[in-house]
Amino acid sequence: MKFATKAIHAGQEPDPSTGAIMTPIYQTSTYVQEAPGKHKGFEYARTQNPTRLALEKNIAALENGQFGYCFGSGMGAIDAIAKLLKPGDEVVATNDLYGGSYRIFTKVFERYGIKFHFIDLSNADNIAQYLNENTRMVWAETPTNPMLNIIDLHTIKKHIGDRNIIFAVDNTFATPYLQRPLDMGADIVIHSATKYLGGHSDVVLGAVVCNDPALAEQIKFMQNTCGAVCGPHDAFLVLRGIKTLHVRMDRHCENGMKIANYLVNHPKVAKVHFPGLASHPNHDIAARQMSKFGGMMSFSLKGDKYEDALTLLTHTHLFSLAESLGGVESLIGHPASMTHAAIPKEERAKTGVVDSLIRLSVGIEDVDDLIADLSAALDAVA
C-alpha cells in the first residue's frame, strides 16, 4: 500500500463482533479467560489493548517498521527508550533539541550514571570524535526544535557503522509522511503523536517504532513493566487523526512555504529558519531526505529585543499563543520562555535560541488570512 492508503487502512479491520468500520474504544481494564492462560490474546489492559494495538500497527506501517509501541505521551516514549541504557553508557545527542528531551536527559538520567554529549549535528561528521567504546545511543531530531536544523541521517549511520549503538530519531516535526528514518538507517523512531499524527490538539500520546525483534522485545518490556501506556480513547483519537495526515500535511507544507517567503522579505525580520528556503543550512539534505518541508519554522527580529517579541506574540489573533504544535490551527510561541525554558540561557544562545526567536506551527487555515495576521502583529512592533 502507498502512504495515503496505509494511513486509512493499515492495522485496522472491521470489528469482528459488529462490523464497525472504526476500531472501537475498548474501555476495559481486564479480559475474561476461558482457563488460566487460555484467552483471546488479551489479558490485562496495561499489557495489551485492542484499540492501542490497532494504532501501534498503523504507526509502524507508516514508518515502514515492523513493531510499534504507544505511550501516554511523547516524554513517556522517550523515557522508555532512555531506560534501554545502563550506568556508564554514553549518548551523543544533537545540541538543538526539544527542551523536554534535554530536561529528562540531564535532570533524570544523568543522575543514574549515563553521560550525554550535546553537539552540533548539523555537520554530521562532528559525531566521529564522540563515538567510543561506551557510546550506546545516538539521539537525533531532524528538523530540530526550534531552529529547524537538518541532520544528515545517512551520514550519521555511516559513522555508526556496525557498532553496538542504537540510532534513535525523533521524527515528530517531519512525520512519516515527509520522512522515514528507518529507511535511512535509524534503529528507532520516536513520535510525540500529540502533534501532527493526532493533528487536532485534543490528545497527548507518544509512539516508538523499530524493526529489530530483539530491540522491540526490550521496548515492549519497558512499556509493560513501567506502565506509561496510553488509554484506549487516546489511541482512538490518534487513529482518527492519522486518517487525514497526508491531506493535512500537504496543506501545512504549502502554507509553510508561503509564510516563510513572506517573512524572509519583511523589513523587521532578521532571520527565518525554514528548511524549504534555498538559503537554509543543509537545504539540499532536507530536499534529499524529506519529500516536502513541513509547517514548522522560527524567525528572529531585528534588534533581538524580548520586548519586541512579546509585542508580536500578543498581537496575533489567528496564531494562538500556546505550547505544542502540529494541530490544524496555527500556533505561535516563544521558545526561550516556553518550550525551551528548561535549557540554560547560555546553552540556548549557543544553538541560536535568542530572546526574539519566535516559533510558528503553521496550520491549515487560508494562508492569506495567516499572512494578514502576522503582518498586523509585525506592524505593532516598534
Side-chain angles (χ1 to χ4, degrees), residues 71-83 91-110 114 116-122 137-151 153 156 166-176 178-179 181 186 188-199 201 203-209 228 273-275 290 294-299 322-327 331-354 357-362:
F71 297 82
S73 67
M75 292 309 304
I78 291 172
D79 177 74
I81 300 309
K83 285 173 180 170
V91 178
V92 181
T94 178
N95 63 351
D96 170 27
L97 80 172
Y98 169 52
S101 303
Y102 180 89
R103 180 175 57 224
I104 198 171
F105 291 159
T106 58
K107 302 300 183 184
V108 177
F109 287 100
E110 276 190 350
I114 299 169
F116 292 86
H117 303 276
F118 298 99
I119 69 169
D120 179 8
L121 288 180
S122 59
M137 186 176 290
V138 171
W139 188 277
E141 290 179 11
T142 184
T144 62
N145 181 7
M147 301 306 296
L148 284 301
N149 287 321
I150 300 299
I151 297 173
L153 299 180
I156 296 290
I166 298 170
F167 183 17
V169 178
D170 186 331
N171 200 32
T172 298
F173 269 26
T175 82
L178 304 182
Q179 175 176 271
I188 292 175
V189 174
I190 302 98
H191 283 280
S192 173
T194 307
K195 313 306 192 297
Y196 285 109
L197 297 186
S201 303
V203 62
V204 175
L205 192 142
V208 173
V209 179
H273 309 278
F274 180 68
M290 300 172 68
M296 295 300 302
M297 68 186 66
S298 59
F299 65 97
E323 300 218 10
S324 199
L325 59 103
L331 299 178
I332 190 169
H334 185 245
S337 64
M338 296 171 72
T339 55
H340 290 66
I343 300 177
K345 180 179 175 65
E346 59 273 15
E347 293 300 318
R348 292 198 304 265
K350 290 177 185 176
T351 62
V353 183
V354 295
L357 188 75
I358 292 166
R359 190 187 75 178
L360 300 181
S361 174
V362 178

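Just so we're clear, the structure is a prediction, and the values are computed from it rather than from any experiment.
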Kindly give the heavy-atom pair with the smallest separation between G326 and S361, and that separation in Å. N-OG, 2.9 Å
Quickly, which of L360, L325, V362, T144 forms a side-chain contact (heavy atoms from CB on, under 4.5 Å) with M296? Name it, please. L325
What are the two closest heavy atoms between V169 and A186, and how far apart are they? CG2-CB, 3.8 Å
Just verifying a value: how many Å separate H273 NE2 and L357 CG, rounded to the nearest 0.5 Å? 5.5 Å
Indicate the atoms forming the closest heavy-atom contact of Y196 with T172, along with that distance. CD1-O, 3.6 Å
Find out whether T94 and N149 are in side-chain contact, i.e. whether some heavy atom of one side chain is under 4.5 Å from a heavy atom of the other. no
Kindly write out the residues that satisfy side chain to side chain donor-acceptor pair (under 3.5 Å) with S201, not counting sequence neighbours, or none if the list is empty. E329
Does the gap between the ring centers of W139 and F116 come in under 6.0 Å? no
Test Y98 against M75 for side-chain contact (heavy atoms from CB on, under 4.5 Å), laying out the working first. CA-CA 11 Å; Y98 169 52; M75 292 309 304; 3.8 Å; yes
S192 side chain reached by V204 side chain, heavy atoms, under 4.5 Å: no
Listing request: all salt bridge (charged side-chain N to carboxylate O under 4.0 Å, His left out) pairs with a residue in residues 189-198, at least two apart in sequence or in separate chains. none
Out of curiosity, I150 CD1 to S122 OG, how far, rounded to the nearest 0.5 Å? 10.0 Å
Nearest 0.5 Å please: distance from the CG atom of L148 over to the OG1 atom of T142. 9.0 Å
I need the H117 NE2 to I119 CD1 distance, nearest 0.5 Å. 9.0 Å
Might you point out which heavy atoms bring I156 and L121 nearest each other, and give the distance in Å? CD1-CD2, 4.1 Å
Shortest non-hydrogen contact from F71 toward G76: CD2-O, 3.8 Å
Once rounded to the nearest 0.5 Å, what's the spacing between atom OG1 of T175 and atom NE2 of H191? 7.0 Å
Which residues pass the side chain to side chain contact (heavy atoms under 4.5 Å, CB included) test with T106, sequence neighbours left out? Y102, E110, F118
Atom pair CD1 (I188) and CD1 (I81), whose distance is rounded to the nearest 0.5 Å: 4.0 Å
Report yes if the side chains of P335 and N145 come closer than 4.5 Å at any heavy-atom pair, otherwise no. no
Give a yes or no on whether the backbone of L205 and the side-chain of T194 come within a donor-acceptor separation of less than 3.5 Å. yes
Would you sort out whether L97 and D170 count as a side-chain contact (heavy atoms from CB on, under 4.5 Å), showing the intermediate values? CA-CA 9 Å; L97 80 172; D170 186 331; over 6 Å; no
Looking at every non-hydrogen atom in both residues, tell me the closest pair between G333 and M338 and how far apart they are. CA-SD, 4.0 Å
